[in-house]
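One structure is given here, and the rest of the page talks about it.
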Amino acid sequence: MPSQKPIRVALLGCGTVGTEVVRLLTGQAADLAARVGAPVELAGIAVRKPNKHREVPADLLTTDAAALVASDVDVVVEVIGGIEPARTLLLDALRAGKSVVTANKALLAEHSAELSAAADGSGADLYFEAAVAGAIPLLRPLRESLAGDRITRVMGIVNGTTNFILSGMDSTGASYGETLEEATRLGYAEADPTADVDGFDAASKAAILASLAFHTRVTASDVHREGIASVSAADIAAARALGRTVKLLAICERVTEGDQESVSVRVHPAMIPRSHPLAGVNGAFNAVFVEADAAGEMMFYGQGAGGAPTASAVLGDLVAVARNLVQGGRGPRESAYAGLPARPMGQTPTRYHISLDVADRAGVLSQVAAVFAEHDVSIAAVRQEGRVDDASLVVVTHAATDAALRSTVDKIGGLPVVREVVSVMRVEGEET
Ligand SMILES: NC(=O)c1ccc[n+]([C@@H]2O[C@H](COP(=O)([O-])OP(=O)(O)OC[C@H]3O[C@@H](n4cnc5c(N)ncnc54)[C@H](O)[C@@H]3O)[C@@H](O)[C@H]2O)c1
Ligand SMILES: N[C@@H](CCO)C(=O)O
Ligand code: NA
């Protein structure tokens, strides 16, 4: 057993993740001590409701999180969530030289500059593996394992709730509303699912991923965000007809134009081929596809949410910061030296799938094609199927700027021969 002085840990928040952090920390105390080289001791747990029943030691509970942070602790683990009071508590901890482990993506996506500066000021560690894709080791590979490579793209499914809903719509053909109800009933979607279904959660994670991948400070406001509420059963059926499926993707891309580089960071639903590795990621699982110059393509897959999986990542970080305290040294600092500009969505190259109901008569296809040509959008594939008195027309484009594609869709929707724009969706994951 290590004889070193214990590493004292303050836990802030004891909900879904916090409860599991306590369980792992106490249940594996001897192994953790051996791995760290000193006992890791829970000094206190800050909660809001001390009388709520919890499977944690009652004598450690306090409602005064600020006093716990200010007490004689070495590490602060934050699993409260939200901006305040988490921001102030963590800034106080870091400024006092206490290392921080947090799962709080919303906070990091807005305030990582301030938090990193506070950590640098005192030499404390700031670790946050649990903030993106839960248990899946992803941030450490980006920050450390791939630090010698040049990452060009990070694309993934980073929200379990929306993936559960889209997978359900795909397998049953049901509407978005019906599937959301089912997800809520089964406890996957929260009572207020806004952060998930409107893409806020995924956008925070995309900002964190892009910052690490491109050594550039990216915040949530740099991320173009679209949720899944407008994905219809018709969109899913249109994807299915083309051998594709719809996923909510977080996409972080390095865009090179001449000698200018920028980063495009976006969250939106997109059709991907069923043969793509991300297409087989169903239910509440997460997966992230990374492309780097030398390493090539990599995929990280596993449980992106849930108390125990998220606590696994928190404990991994806790062991890392505790080891640094015992052995000396520090984890990686923020690396934002590249400072690449964020590319506006309108200027980002994307591809569209457009499904239309059109009149079935001579010249319709050429009228539609003319609108694409007018906007300099090149067509990759067209499929037309005649029905009794109209026709279904499906167009898949080559890459063009998102603004040109949007204008094309607007103009096509206004053509008298177009009866209905059935489905418009971006296409990712293959060259056409
Ligand atoms: N649940 C997941 O699957 C998951 C996955 C990855 C990351 N996260 C992140 O982990 C964090 C915690 O998530 P959770 O699911 O455990 O949330 P939760 O709502 O279950 O738990 C948060 C707890 O913090 C408590 N709290 C609120 N304000 C407090 C305060 N001022 N002082 C002390 N306690 C306070 C709440 O009462 C609640 O019990 C969030 O940042 C979340 O985004 C969660
Ligand atoms: N609400 C998130 C939790 C994990 O961050 C999800 O559904 O993926
Ligand atoms: Na992770």
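Atoms within a ligand are numbered from 1 in the order they appear, just like the ligands themselves. Keep in mind that what you see is a predicted model, and the values were worked out from it rather than measured.
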Quiz item: Nearest to atom 16 (O) of ligand 1, what protein heavy atom do you find, and at what distance?
Solution: V17 N, 2.9 Å

Self-check item: Which of the ligand 2 atoms, numbered from 1, are nearer than 4.0 Å to a heavy atom of K205
Solution: 4 (C), 5 (O), 8 (O)

Exercise. Would you tell me which option among A103, A305, C14, G13 has the nearest heavy-atom contact to atom 10 (O) of ligand 1?
Key: A103

Quiz prompt | Structural part of P309 in contact with ligand 1, heavy atom criterion under 4.0 angstrom | solution = neither

Quiz prompt | ligand 2 N/O within reach of G160 N/O, cut-off under 3.5 Å | solution = yes

Exercise. Hey, could you give me the NZ/CG distance between K205 and D201, rounded to the nearest 0.5 Å?
Key: 3.5 Å

Exercise. Can you check the number of protein N/O/S atoms within less than 3.0 Å of the Na ion (ligand 3)?
Key: 5

Quiz item: Is R225 close enough and on-axis enough to F200, meaning under 6.0 Å and within 45°, for cation-pi?
Solution: yes

Quiz item: When you look for heavy atoms under 4.0 Å from ligand 2, do you find them on the side chain of T161, its backbone, both, or neither?
Solution: both

Quiz item: Has ligand 2 got any nitrogen or oxygen that is less than 3.5 angstrom from a nitrogen or oxygen of N286?
Solution: no

Exercise. Would you mind finding which of T19, T62, V79 brings a heavy atom closest to atom 12 (C) of ligand 1?
Key: V79

Quiz item: Which heavy atom of the protein is the closest neighbour of atom 36 (C) of ligand 1, given with residue, atom name and distance?
Solution: R48 NH2, 3.8 Å

Quiz item: Are D402 and T350 linked by a side-chain donor-acceptor pair shorter than 3.5 Å?
Solution: yes

Quiz item: Are the side chain of D92 and the backbone of L89 linked by a donor-acceptor contact shorter than 3.5 Å?
Solution: no

Quiz item: Once the angle between the rings of F164 and Y188 is folded into 0 to 90°, is it parallel (under 30°), tilted (30 to 60°) or perpendicular (over 60°)?
Solution: parallel

Self-check item: Residue, atom name and distance, where the atom is the protein heavy atom closest to atom 5 (C) of ligand 1
Solution: T310 OG1, 3.1 Å

Practice problem: Number the atoms of ligand 1 from 1 as they appear, then name those within less than 4.0 Å of a heavy atom of V47, with their elements. | Solution: 33 (C), 34 (N)

Self-check item: R343-S262 side chain donor-acceptor pair, cut-off 3.5 Å
Solution: yes

Self-check item: Close-contact set for ligand 2 against A305 heavy atoms, below 4.0 Å
Solution: 3 (C), 4 (C)

Quiz item: Any protein heavy atom sitting closer than 4.0 Å to atom 19 (O) of ligand 1?
Solution: no

Practice problem: Say whether G306, considering both its backbone and side-chain N or O atoms, lies within less than 3.5 Å of an N or O atom on ligand 1. | Solution: yes

Quiz item: Quick check: does any side chain N or O of S423 sit under 3.5 Å from a backbone N or O of A234, one acting as donor and the other as acceptor?
Solution: no

Quiz item: In the protein, which heavy atom is nearest to atom 23 (C) of ligand 1, and how far is it?
Solution: G15 N, 3.8 Å

Practice problem: Kindly indicate, with the supporting measurements, whether the criterion salt bridge (charged side-chain N to carboxylate O under 4.0 Å, His left out) is fulfilled by R330 and D120. | Solution: CA-CA 10 Å; R330 238 191 117 191; D120 288 347; 3.0 Å; yes

Self-check item: Between H215 and S335: side-chain donor-acceptor atoms closer than 3.5 Å
Solution: yes

Practice problem: Of the side chain and backbone of K105, name the one, both, or neither that has a heavy atom under 4.0 Å from an atom of ligand 1. | Solution: side chain

Quiz prompt | Taking atom 33 (C) of ligand 1 as the reference point, the nearest protein heavy atom with its distance | solution = A46 O, 3.4 Å

Quiz item: Would a distance-only check, ignoring hydrogens and angles, find a side-chain to backbone donor-acceptor pair under 3.5 Å from N324 to G329?
Solution: no

Quiz item: Do H111 and I83 pass the side-chain contact (heavy atoms from CB on, under 4.5 Å) test, and can you show the C-alpha distance, the side-chain angles, and the key distance before you say yes or no?
Solution: CA-CA 9 Å; H111 297 285; I83 305 297; 3.7 Å; yes

Exercise. To the nearest 0.5 Å, tell me how far H268 NE2 sits from E428 CD.
Key: 5.0 Å

Quiz item: Nearest heavy atom to atom 22 (C) of ligand 1: which of I80, N286, D201 does it belong to?
Solution: I80

Practice problem: Say whether G304 and ligand 2 are in contact under the criterion: heavy-atom distance to a ligand atom below 4.0 Å. | Solution: yes

Quiz item: Please state which protein non-hydrogen atom is closest to atom 15 (O) of ligand 1 and give its distance, to 0.1 Å?
Solution: T16 CB, 3.6 Å

Quiz item: Is any side-chain heavy atom of S167 less than 4.5 Å from a side-chain heavy atom of M169?
Solution: no

Practice problem: Would you check, one step at a time, whether the test side-chain contact (heavy atoms from CB on, under 4.5 Å) holds for Y352 with V427? | Solution: CA-CA 5 Å; Y352 272 34; V427 179; 5.8 Å; no

Quiz item: Which one of L11, I45, V56 satisfies the side-chain contact (heavy atoms from CB on, under 4.5 Å) criterion with V21?
Solution: L11

Quiz item: Side chain or backbone of P85 under 4.0 Å from ligand 1, or both, or neither, by non-hydrogen atoms?
Solution: side chain

Self-check item: atom 40 (C) of ligand 1: the protein heavy-atom neighbour that sits closest, reported with distance to 0.1 Å
Solution: G81 CA, 3.6 Å

Quiz item: Does the side chain of R217 pick up a donor-acceptor pair with the side chain of T219 at under 3.5 Å?
Solution: no

